[in-house]
Amino acid sequence: MLSLLVIAGLVVQLYLIAAWIFGSGGALDAHKFVGGAVVHPAEILVFLVALGGWWRTWRNIGVSFALALLGTIQVFFAGDLKDPGNGYVHGLHGGLALFVAALAAY
């Protein structure tokens, strides 16, 4: 269920970042809020629940840990939009979101 929350949150974030690109001023703040208050905590909770629920089923725990780790790494690629000096590196933020969604769906 938490993985579905991650996927739904990513869909909402995708909509919000597209709305911001096309001119909606407050959509970027909403995108950041959904990521910071819903998606990333849910990724970490997926791992913690997997650790308790699948104890000694290391493959499942590993996949859940990979989701939390990749989600955390992905956040650091977001960068600062006011100083887009490394835009190509910051593009990994959106690219890695696809892998986060794939892990959450798995």
Side-chain angles (χ1 to χ4, degrees):
M1 209 54 163
L2 286 169
S3 294
L4 292 176
L5 181 62
V6 171
I7 293 170
L10 289 174
V11 170
V12 170
Q13 282 191 291
L14 180 62
Y15 168 76
L16 290 170
I17 202 64
W20 178 75
I21 288 170
F22 289 106
S24 178
L28 181 60
D29 290 333
H31 170 84
K32 290 178 182 180
F33 176 78
V34 171
V38 178
V39 176
H40 192 60
E43 293 165 347
I44 294 169
L45 282 174
V46 165
F47 167 64
L48 294 175
V49 169
L51 191 61
W54 285 323
W55 184 249
R56 301 186 79 165
T57 309
W58 302 116
R59 181 171 183 246
N60 293 345
I61 293 171
V63 170
S64 300
F65 177 74
L67 173 64
L69 180 64
L70 188 59
T72 301
I73 290 169
Q74 188 252 356
V75 168
F76 288 107
F77 281 118
D80 184 9
L81 292 173
K82 295 175 185 164
D83 182 25
N86 293 320
Y88 290 106
V89 173
H90 299 312
L92 289 172
H93 175 72
L96 287 176
L98 298 172
F99 293 98
V100 169
L103 274 174
Y106 179 75

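Only this structure's heavy atoms are used, side chains among them; waters, hydrogens and symmetry mates stay out.
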**Q** Kindly work out whether a path of hydrophobic side-chain contacts (I/L/V/M/F/W/Y, heavy atoms less than 4.5 Å apart) joins Val46 to Trp55.
**A**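 Yes, one cluster joins them.
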**Q** State plainly whether one hydrophobic cluster holds both Val75 and Leu5, where clusters connect Ile, Leu, Val, Met, Phe, Trp and Tyr through side-chain heavy atoms under 4.5 angstrom apart.
**A**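 As far as the 4.5 Å side-chain criterion goes, Leu5 and Val75 are not connected within one cluster.
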**Q** So do Phe99 and Leu103 actually touch side chain to side chain, heavy atoms under 4.5 Å?
**A**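 No; the side chains remain at least 4.5 Å from each other.
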**Q** With rounding to the nearest 0.5 angstrom, report the CG to CD1 distance, Leu28 to Ile21.
**A** 9.5 Å
**Q** Examine distances only and state if a side-chain atom of His40 and a backbone atom of Gly35 form a donor-acceptor pair shorter than 3.5 Å.
**A** no
**Q** Within this structure, what is the OG-CD1 distance for the pair Ser24 and Ile17, rounded to the nearest 0.5 Å?
**A**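 It comes to 10.5 Å.
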**Q** For the backbone of Gln74 and the side chain of His93, can you confirm whether one donor and one acceptor N or O come within less than 3.5 Å of each other?
**A**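 Indeed, once roles are kept as given, a pair shorter than 3.5 Å links the two residues.
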**Q** Check whether Val49 and Val100 end up in the same hydrophobic cluster, where Ile, Leu, Val, Met, Phe, Trp and Tyr are linked by side-chain heavy atoms less than 4.5 Å apart.
**A** yes
**Q** Hey, could you give me the CG/CH2 distance between Asn60 and Trp58, rounded to the nearest 0.5 Å?
**A**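 It comes to 11.5 Å.
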**Q** Is it true that Leu2 and Tyr106 fall in one hydrophobic cluster, defined by side-chain heavy atoms closer than 4.5 Å?
**A**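 Same hydrophobic cluster.
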**Q** Just how far is it from atom CD of Glu43 to atom CG of Leu48, taken to the nearest 0.5 Å?
**A** 12.0 Å
**Q** To the nearest 0.5 Å, what is the distance between CZ on Arg59 and CH2 on Trp54?
**A** 10.5 Å
**Q** Are Val39 and Ile7 co-members of a hydrophobic cluster defined by side-chain heavy atoms under 4.5 Å apart?
**A**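 Not linked; separate clusters.
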**Q** Among all residues two or more places apart in sequence or in another chain, which pass the side-chain contact (heavy atoms from CB on, under 4.5 Å) test with Val11?
**A**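 Listed in chain order: nothing, the list is empty.
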**Q** Hey, could you give me the CG/CG distance between Leu51 and Leu45, rounded to the nearest 0.5 Å?
**A**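 Answer rounded to 0.5 Å: 12.0 Å.
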**Q** Are Phe47 and Leu67 side-chain neighbours, meaning at least one heavy-atom pair lies under 4.5 Å?
**A** no
**Q** Tell me the closest heavy-atom pair linking Ala104 and Ser3, and the distance in Å.
**A** O-CB, 3.3 Å
**Q** Looking only at non-hydrogen atoms, find the nearest pair between Ala42 and Val6 and report the distance.
**A** CB-CG2, 3.7 Å
